[in-house]
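Have a look at the structure below, then the notes.
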Amino acid sequence: SFVMTAQTVETDAFGNPRMHWQYIEYGHGPSPYVAPPSVQITAPADHSSFTQGTSVTYSANVSDPVDGTLPNAAIVWAEDGSAIGSGPTIHHIENTIGTHTITVTATNGDGKSASQSITIGVNAPPVKPLPPSVSITAPPNGDRVFCRSSSTPVAVQFTATASDPNSPPESLTYSWTDSINGGAPSQVSTQLSPSLNLACDQATPRGTTHELTVTATNTSGESASAQ
């Protein structure tokens, strides 16, 4: 601040001149208070979780008591300190697995700022379970078994192997079906290596054809078959 003096001459009641000095002080007081903007994140909710690669929509309600609606450039979003967009609503693909802090900062024309932050989690995509493997080791494909009578089934021992590649390996269930002479298949066993009594409907040189299929299914519902 500084002081300025001024000299004035006034006449008293008797007509005599009187000299007066005036002291005027000039200075700078505190700036008037300017309220910051109002900022509230509306989406997503705090502590939300997303799968890696998801495009997340971030939204905030922003208002200013003086400026009203702020321009997009005055509303800045950041993830872990790095800018990811501007405006009241943005879309950002979350590619980094882990926990992240999302912050939106609004700045009005007077330079006053306000921020709000939330925390989100980004998780790795779920691993799709693998199907098991299964194969029939005996009898060989196309094997022929002698049929003595059309009324007497033929006992045949089947041997199969199956395994599950998931970690840890999942348990397996089995189903054998039999299609006789190209007809509709029907289930004949739930064992991995069953002994089956195969019908012999035609005691002819042509014989009866059995098309057998074993299917292995793991607990995730993934299946594989051998025929």
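Only this structure's heavy atoms are used, side chains among them; waters, hydrogens and symmetry mates stay out.
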### Task
May I ask you to decide if T101's main-chain N or O and D80's side chain share a donor-acceptor pair within less than 3.5 Å?
yes
### Side-chain H-bond candidate by donor/acceptor type, T54 with E94, under 3.5 Å
no
### Query
Are there more than 12 heavy atoms of other residues, nucleotides or ligands under 6.0 Å from atom CG of D143?
yes
### Message
I'd like to know if the side chain of D67 reaches the main chain of L70, judged simply by a donor and an acceptor atom lying under 3.5 Å from each other, with no hydrogens or angles considered.
### Response
no
### Message
For the residue pair N166 / D164, report whether a side-chain donor-acceptor contact shorter than 3.5 Å exists.
### Response
yes
### Query
Taking the side chain from T51 and the backbone from N123, do they hold a donor-acceptor pair closer than 3.5 Å?
no
### Task
Give me the one residue out of T105, I102, T103 that meets side-chain contact (heavy atoms from CB on, under 4.5 Å) with W77.
I102
### Message
So, taking the atom named CD1 in I136 and the one named OG in S225, what distance separates them when rounded to the nearest 0.5 Å?
### Response
9.5 Å
### Message
Starting from V214, can I reach V188 by hopping between I/L/V/M/F/W/Y residues whose side chains sit under 4.5 Å apart?
### Response
yes
### Query
So how far is it from N72 CG to S86 OG, rounded to the nearest 0.5 Å?
6.0 Å
### Query
Do the side-chain N and O atoms of T213 and Q227 include a donor-acceptor pair separated by under 3.5 angstrom?
yes
### Query
At what distance, to the nearest 0.5 angstrom, does OG1 of T177 lie from CD of E211?
8.5 Å
### Query
Got a second to check how far S63's OG is from Q40's CD, nearest 0.5 Å?
9.5 Å
### Query
Any luck finding a side-chain donor-acceptor pair between S135 and T161 under 3.5 Å?
yes
### Query
Is it the case that one hydrophobic cluster holds both V76 and I120, taking links as side-chain heavy atoms less than 4.5 Å apart, direct or via other members?
no
### Among N108, T107, D110, the one residue meeting side-chain contact (heavy atoms from CB on, under 4.5 Å) with D64
N108
### Task
Provide the closest heavy-atom pair for P153 versus N197 in the form atom of the first, atom of the second, distance.
CB-CB, 3.9 Å
### Query
Side chains of I75 and V104: does their closest heavy-atom pair fall under 4.5 Å?
yes
### Query
When clusters are formed by joining ILVMFWY residues with side-chain heavy atoms under 4.5 Å apart, either directly or through shared neighbours, do Y174 and V156 land in the same one?
no
### Message
So which atom in H91 and which in S55 form the shortest heavy-atom distance, rounded to 0.1 Å?
### Response
CB-OG, 4.0 Å
### Short side-chain donor-acceptor distance under 3.5 Å, T215 and S175
no
### Message
According to a hydrophobic-cluster definition based on side-chain heavy atoms being under 4.5 Å apart (Ile, Leu, Val, Met, Phe, Trp, Tyr only), do I90 and I93 belong together?
### Response
no
### Message
What's the separation between atom CG in L172 and atom CD in E222, rounded to the nearest 0.5 Å?
### Response
12.0 Å
### Message
Using side-chain heavy atoms (C-beta onward) and a distance below 4.5 Å, is L196 in contact with D178?
### Response
no
### Query
Do I84 and I97 belong together in a cluster built from hydrophobic side chains that touch within less than 4.5 Å?
no
### Residue pair I180 / T208, side-chain heavy-atom distance below 4.5 Å
yes
#### Entry: Main-chain N/O of G183 paired with S179 side-chain donor or acceptor, under 3.5 Å
yes
### Task
Could you tell me whether the side chain of E170 and the main chain of N218 form a donor-acceptor pair under 3.5 Å?
no
### Task
Determine the minimum heavy-atom distance between P37 and K112, stating which atoms define it.
CD-O, 3.3 Å
## Note on the structure
Scanning both residues in full, the closest heavy-atom pair of S193 with A160 reads OG-N, 3.0 Å
### Message
Is there a side-chain contact between Y58 and P44 in this structure, where contact means two heavy atoms from C-beta onward sitting under 4.5 Å apart?
### Response
yes
### Query
Got a donor-acceptor contact below 3.5 angstrom from the D46 side chain to the I118 backbone?
no
## Note on the structure
Rounding to 0.5 Å, atoms CH2 (W176) and CD (Q191) come to a distance of 10.5 Å
